[in-house]
2 protein chains.
Amino acid sequence: MSTEAKVPVSPESSRVVPSEGHAHAVERILSVAYELFSRRGVRDVGVNELIERSGVAKATFYRHFPSKDSLVLAFLEQRDKLWTVEAIVSQARRRGTSPVEHLLAIFDVLEEWFRREDFEGSTFIHVLLEMGPSHPLGQASIDYLAKLRGHVQALAEEAGLLSPDEFARSWQILMKGSIISATGGDLQAAKRAQQMAGWLIEHHRA
Amino acid sequence: MSTEAKVPVSPESSRVVPSEGHAHAVERILSVAYELFSRRGVRDVGVNELIERSGVAKATFYRHFPSKDSLVLAFLEQRDKLWTVEAIVSQARRRGTSPVEHLLAIFDVLEEWFRREDFEGSTFIHVLLEMGPSHPLGQASIDYLAKLRGHVQALAEEAGLLSPDEFARSWQILMKGSIISATGGDLQAAKRAQQMAGWLIEHHRA
DNA sequence: ACAGCGGGAAAGACAGGTCTGTCTCCCCCT
DNA sequence: AGGGGGAGACAGACCTGTCTTTCCCGCTGT
């Protein structure tokens, strides 16, 4: 990933990780950024609000992140780790026993996600549309969406499905479409997508 | 539509409609807004740029549109008319002979649209994510997306399909998903969605 | 037919707020 | 003593929206 060089790892030296209340500045910034960016998008949240909500001086912010965009890149990476990998993929793999069941469980996870009152929509789609596909942040979002597609493709290969790449691309159309529909208020979007996902699996059986 | 009261119809009295070069101010504003909003989104285009590109004074702008948001509402209405109705629905109805063929032709139209070099993504999805579903402009986008779904539902009823409402909601998941995937660079997203759309039709046959 | 008037529109200053990013000053802790 | 961090002023650009000034065109009354 092209972003990891820009994510500053706080030096830490030998210091003990502090308790929640007075975490290191960079951690507080990332935590607040995750919260606000997820909910309202990256364009709607300014640096001034970020530093105020995280109780950090502006100079401190810019000592750790050379620009707001680099913080957004760090946020996207965190989002990939916490949401894509841990929430979606790991959750789906924990449910069901076969690879096909793992795949279908993705939409069960989405279903629950859509019903949370703090459901915020997909960060990667949001940033992609906010910044455009040619902007570095839009490109990074495309990359993370491709990474998520890679997870789906891996599950398809484990299931022995035909044309795993094509399968994963069609699968992702269902995921993206259901997320947009859920943002528009259709709480059953995941169930609808899951039904079509079942047909897609049938047509990719060996 | 709740917006039409905000779209000023220039008084005109008995005057002849002028030629392209020196159209009335409100028409020039709408034309420039359509171009810029479609391409870059409504948040990225400011009033100053709009009036400069349309050769209109700021006071003139605010005489015709009480706020930028009201111009965006007029733009959304225009987008619904020019894109949803005339480009998508009418085009699809012109292709093929049966209602089912009309339905599937929607993705042929999308396919051609994705391949245009000035493909800009879906305005309604873009505004919905930019402003959020609770903002009036986000709500208006949801309404226009529902209107588009109504067109699909009408075609489903003409085709005699079962549960036309459920059908149209699933159908729109495919449309939205393919649009997002096309924005991310997958030019075959329409074809993939069309294949799944075919299965969806089969499962809604009486 | 012609003078004069009213209003649409252009140009742009201005207000008050926001944005990102830089810089200074000082404190406090090690 | 030195550096991380808090507080905040500041610059320069941008945003929406208001207001003033000037021009010009067409309509009306005589």
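Throughout, protein chains are lettered first and strands after them, A, B, ... in sequence-line order, and every chain is numbered starting at 1.
Nearest nucleotide to the A:V56 side chain, out of D:dG6, C:dA9, C:dA11: D:dG6. Out of C:dA10, C:dT22, D:dG17, the shortest distance to the side chain of B:R28 is found at C:dA10. Relative to the side chain of B:A25, the nucleotides D:dG5, C:dA9, C:dT20 differ in distance, and C:dA9 lies closest. The side chain of B:A59 has C:dG12 as its nearest neighbour among D:dG17, C:dG12, C:dG21.
The base of C:dG8 lies outside donor-acceptor range of the side chain of B:R63, with no N or O pair under 3.5 Å. Counting atom types as modelled, B:K58 pairs a side-chain N or O with a base atom of D:dG17 as donor and acceptor under 3.5 Å.
Between the NZ atom of B:K68 and the C1' atom of C:dT18 there is a distance of 13 Å, given to the nearest Å. Summarising the geometry, the separation between CG on B:L137 and P on D:dT16 is reported as 13 Å, rounded to the nearest angstrom. The separation between B:L36 atom CG and D:dC15 atom P is 12 Å, rounded to whole Å. The separation between A:D69 atom CG and C:dG21 atom C1' is 12 Å, rounded to whole Å. We find that CG of A:D44 is positioned 14 Å from C1' of D:dC15, with the value rounded to whole Å. Counting to the nearest Å, the P atom of D:dT16 and the CZ atom of B:F61 are 8 Å from each other. Computed from coordinates, the A:L50 CG to C:dG21 P distance equals 12 Å when rounded to whole Å. Between B:F65 atom CZ and D:dT18 atom C1' the separation is 18 Å, expressed in whole Å.
For the pair B:T60 and C:dA10, the criterion of a side-chain N or O lying under 4.0 Å from OP1 or OP2 is met. OP1 or OP2 of C:dA9 has at least one side-chain nitrogen or oxygen of B:H64 nearer than 4.0 Å.
Between A:E111 and A:R115 there is a salt bridge, with a side-chain nitrogen of the basic residue lying less than 4.0 Å from a carboxylate oxygen of the acidic one. Ionic pairing of B:D108 and B:R95 is not present here: no N-O contact between side-chain nitrogen and carboxylate oxygen is shorter than 4.0 angstrom.
Checked against a 6.0 Å centroid threshold, the rings of A:F107 and A:W171 count as neighbours.
Side chain to side chain, B:R79 and B:T84 fail the donor-acceptor criterion of an N or O pair below 3.5 Å.
Using a distance-only test at 3.5 Å, with no hydrogens or angles considered, no donor-acceptor pair links the side chain of B:E86 to the main chain of B:W83. A distance-only check finds no donor-acceptor pair linking the side chain of B:S54 to the backbone of B:V32 [under 3.5 Å].
Rounded to 10 degrees, the angle separating the terminal helix axes of the helix from C:dA1-D:dT30 to C:dT30-D:dA1, each built from five base pairs, is 10°.
Rounding to the nearest 0.5 angstrom, the gap separating the CG atom in A:L155 from the CZ atom in A:F167 is 8.5 Å.
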